[in-house]
Each structure stands twice: as structure tokens, then as C-alpha cells.
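What follows is a set of notes on a single structure, which appears directly below.
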Amino acid sequence: MLSESRSGRLAAWGNALLAGLVSPDDAVLAVVGEDAVHRVRGLPGESGAVGLTLALGRLRALGVAGLRVALPAPGHPLGLSGPPEFNARALEAGEAVVCHGAALGLVPEVSEAGPDGDVHVEVVWHCLPVREAPPADVPSLGEAERELAEALREATAVLARLDVAGSGPVAEAAIDAYRARAERDGEVLAPGYPPRAVRVLELARQVGLLVALARESGHGAAVSSGEMAARAEALRPVERTARRAQVAAYNAYVEERERGRG
């Protein structure tokens with residue numbers, strides 16, 4: 001939750017490319033980020049792995065008009081629509097991209113290579129068939145924003161009572177550092193996204209940061225098993241809400257496109 005998922009980058013910048021708002025080179029550069037290289041395997045019409053620039057062009061030719069994100073977790077197939085084979089692959093990766101306009105999806109496989117001190121990351125996106133159906137459990141931007149605010153208030157109250165670092169000065173310092181890094185790194189989303197999507201994604205990331213801080217802070221004052229269970233119960237729904245909000249933000253491009261056609 002502390003950094004942007006690879007599926008989020010691919011969907012956001014792929015959508016900007018499909019909308020004609022960025023060049024292929026700029027889109028691929030943003031998607032790859034600090035990784036060494038991204039390739040796509042299993043693309044219809046291609047016998048082997050191809051580069052991301054060619055893959056995005058081929059997806060457009062296949063009728064893809066937009067890209068959605070899925071961020072599934074055990075018991076929560078967020079953003080998925082099947083079939084089971086694709087869902088299982090996406091759940092193992094914890095993320096996926098689902099194409100809008102063609103029954104295809106992309107799941108990243110991440111590997112590291114190189115000696116200590118010079119490790120580089122390579123990503124292979126596996127292109128697989130998906131079921132054309134509404135994605136599971138994805139809220140609207142408005143719903144996501146309201147849910148985030150409510151979940152954050154409830155969780156903060158419980159975490160403060162249990163003396164967890166995620167509710168005090170440590171959290172404030174971490175959020176300040178996060179904001180400084182975000183300002184340095186530039187755009188939260190790619191060009192073409194509505195301001196509300198940017199706002200929701202920013203808040204979802206901050207909520208995710210609080211959850212991570214709470215989980216990494218040890219037991220705090222939650223010394224009894226009952227208090228530890230209470231903290232876990234407080235974190236679980238807010239983490240789920242933050243993931244739902246992230247998906248809603250990334251998928252806003254496709255949702256607005258569909259509303260415009262309605």
C-alpha cells in the first residue's frame with residue numbers, strides 16, 4: 001500500500017496512451033519506473049514475449065479501449081470477473097489489469113536478477129483470457145471517498161485507544177514524508193483522470209500507510225490477546241476499504257468513458 005502497484009501504473013498510463021494524451025515512449029517509461037524491463041507474454045498473434053510498446057499498440061488494435069485494475073486478496077476478489085484460472089493467477093500476484101473492450105487480462109510476474117548491490121527487476125505480464133462481466137466489489141469514486149473517511153475515523157479511534165503508532169506523531173511524520181516524496185515524484189495519476197480520482201487515490205494511499213505503520217509498530221499497548229485481536233479487527237476493514245478506493249480511482253477513466261456513452 002505504500003507505493004503504486006505495477007498494475008496501477010500500467011492501467012493509468014495505458015489509459016492516457018489510449019486517450020492520446022501521452023506518447024508511447026512516455027507511457028512505457030512511466031510504467032516501467034525503476035524496473036529494468038517489462039515484457040508481455042501470451043499476447044494474441046505473438047508467439048513469444050514482446051516489449052511493452054508493441055504490446056500496448058497490439059492491445060489497441062485488438063479493440064482495447066481502456067484498462068481497469070484489480071487488487072484481490074484472499075476472500076476478496078476485488079476488481080476480478082473470472083474465469084477461475086485468471087482469478088487464481090491474479091490472487092497469487094495480488095494485482096492484475098483487466099482490459100475493457102477485449103476479453104483479456106494481464107498479470108505481472110516479477111523476478112530479480114544480478115549480484116548483491118546490482119539487483120535489477122524484470123517484469124513479465126502474462127496475457128490471459130478473462131470473462132466480460134462487471135468487476136467484483138468496485139465502488140464509485142463518491143462511495144470510495146465516503147467509505148475512506150468513515151473507515152479512517154473508526155480505525156483511528158480504536159488504534160489511539162490501543163496506543164498504536166499509526167494514530168500519533170509517528171503517523172503524522174510518515175505522512176509528511178510521504179507527501180514530500182509524492183510532490184517530488186510528480187503526478188499521482190496519469191493525464192486524463194478526473195481530479196476526484198486523484199484525491200481518492202491520494203487518500204487511499206495515506207490510509208494504507210497508516211495501516212502499514214500500525215502493523216509494523218509491534219504490539220504497542222495491545223498487550224492482551226483480546227486487545228491484539230481488536231487491533232487486527234480495526235485494521236482489516238480499513239485496509240479493505242483503502243484497496244477498494246485505489247481500484248475505484250484507477251478505474252475512473254473507464255467508468256467515465258462508459259458514462260459518457262450512456
Side-chain angles (χ1 to χ4, degrees), residues 1-12 14-15 66-82 86-100 105-108 130-159 166 171 175 178 182 188-190 193-215 231-259:
M1 298 293 293
L2 300 186
S3 60
E4 188 172 22
S5 68
R6 290 180 173 87
S7 292
R9 292 204 305 268
L10 177 56
N15 284 331
L67 301 171
R68 289 187 171 106
V69 170
L71 296 177
H76 189 205
L78 176 62
L80 297 176
S81 58
F86 181 80
N87 286 6
R89 194 86 177 248
L91 179 59
E92 182 179 358
E95 59 179 299
V97 172
V98 179
C99 298
H100 175 65
L106 302 160
V107 180
V130 299
R131 182 180 297 140
E132 293 186 287
D137 199 35
V138 179
S140 69
L141 278 176
E143 291 170 336
E145 197 166 28
R146 290 191 297 274
E147 289 174 2
L148 275 174
E150 181 179 352
L152 185 57
R153 285 194 300 269
E154 293 177 355
T156 300
V158 175
L159 296 180
I175 289 177
Y178 166 80
V188 174
L189 275 170
Y193 275 83
R196 191 173 201 176
V198 175
R199 186 168 66 247
V200 167
L201 182 58
E202 181 72 26
L203 181 57
R205 289 182 184 175
Q206 290 184 23
V207 171
L209 176 59
L210 291 179
V211 171
L213 284 170
R215 285 178 173 161
R231 184 175 73 168
E233 285 300 310
L235 292 175
R236 190 173 298 113
V238 76
E239 189 276 337
R240 182 186 182 104
T241 297
R243 281 190 300 109
R244 277 167 46 87
Q246 283 199 62
V247 172
Y250 286 122
N251 293 3
Y253 171 86
V254 174
E255 304 310 324
E256 287 216 339
R257 181 184 177 94
E258 285 301 288
R259 281 198 299 271

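Worth saying up front: this structure is predicted, and the values here are computed from it rather than measured.
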| field | side-chain contact (heavy atoms from CB on, under 4.5 Å) evaluation trace for Val138 with Asn251 | value | CA-CA 9 Å; Val138 179; Asn251 293 3; 4.1 Å; yes
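- The structure places CD of Glu147 at 12.0 Å from CG of Leu203, a figure rounded to the nearest 0.5 Å.
- Remark: side-chain polar atoms of Asn87 are paired, donor with acceptor, to backbone N or O of Gly82 under 3.5 angstrom.
- Heavy atoms only, all atoms of each residue included: Pro139 and Ala248 are closest at O-CB, 3.4 Å.
- From Glu132, atom CD reaches atom NE2 of His100 across 9.5 Å, with rounding to the nearest 0.5 Å.
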| query | Checking side-chain contact (heavy atoms from CB on, under 4.5 Å) for the pair Arg240/Arg236: CA distance, chi angles, key distance, verdict? | reply | CA-CA 6 Å; Arg240 182 186 182 104; Arg236 190 173 298 113; 5.9 Å; no
| query | Stepwise, does the salt bridge (Lys or Arg N to Asp or Glu O under 4.0 Å) test hold for Arg199 with Glu145? | reply | CA-CA 9 Å; Arg199 186 168 66 247; Glu145 197 166 28; 2.6 Å; yes
| message | As a quick check of understanding, evaluate side-chain contact (heavy atoms from CB on, under 4.5 Å) for Leu67 and Val254, giving each step before the final call. | response | CA-CA 7 Å; Leu67 301 171; Val254 174; 5.7 Å; no
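- Across every non-hydrogen atom of Ala96 and Val107, the tightest pair is CB-CG2, 4.0 Å.
- For the pair Ala190 and Ala12, the tightest heavy-atom approach, listed with the atom from each and the gap, is CB-O, 3.3 Å.
- Nearest heavy atoms, Leu141 versus Ala252: CD1-CB, 3.7 Å.
- The shortest distance between side-chain heavy atoms of Leu71 and Ser5 falls below 4.5 Å.
- Counted within 6.0 Å of CD on Glu143, heavy atoms from surrounding residues, nucleotides or ligands total more than 12; the atom is thus considered enclosed.
- Distance check, rounded to the nearest 0.5 Å: CG of Leu106 to CG of Leu10 gives 6.0 Å.
- Panel note: side chain Arg68, backbone Gly79; no donor-acceptor pair is recorded below 3.5 Å.
- Between the side chain of Tyr193 and the main chain of Tyr250, a donor-acceptor pair closer than 3.5 Å is present.
- Remark: side-chain polar atoms of Ser7 are not paired, donor with acceptor, to backbone N or O of Val69 under 3.5 angstrom.
- A pairwise comparison of heavy atoms in Ala73 and Leu91 identifies C-CD1, 3.3 Å as the closest pair.
- Side-chain contact check for Thr241 versus Val207: every heavy-atom pair is 4.5 Å or farther apart.
- Between the side chains of Arg243 and His76, at least one donor-acceptor pair of N or O atoms lies under 3.5 Å.
- Considering only heavy atoms from C-beta on, Pro108 comes within 4.5 Å of Glu95 through its side chain.
- Residues Ala70 and Leu80 come closest through the heavy atom pair CB-CD2, 3.5 Å.
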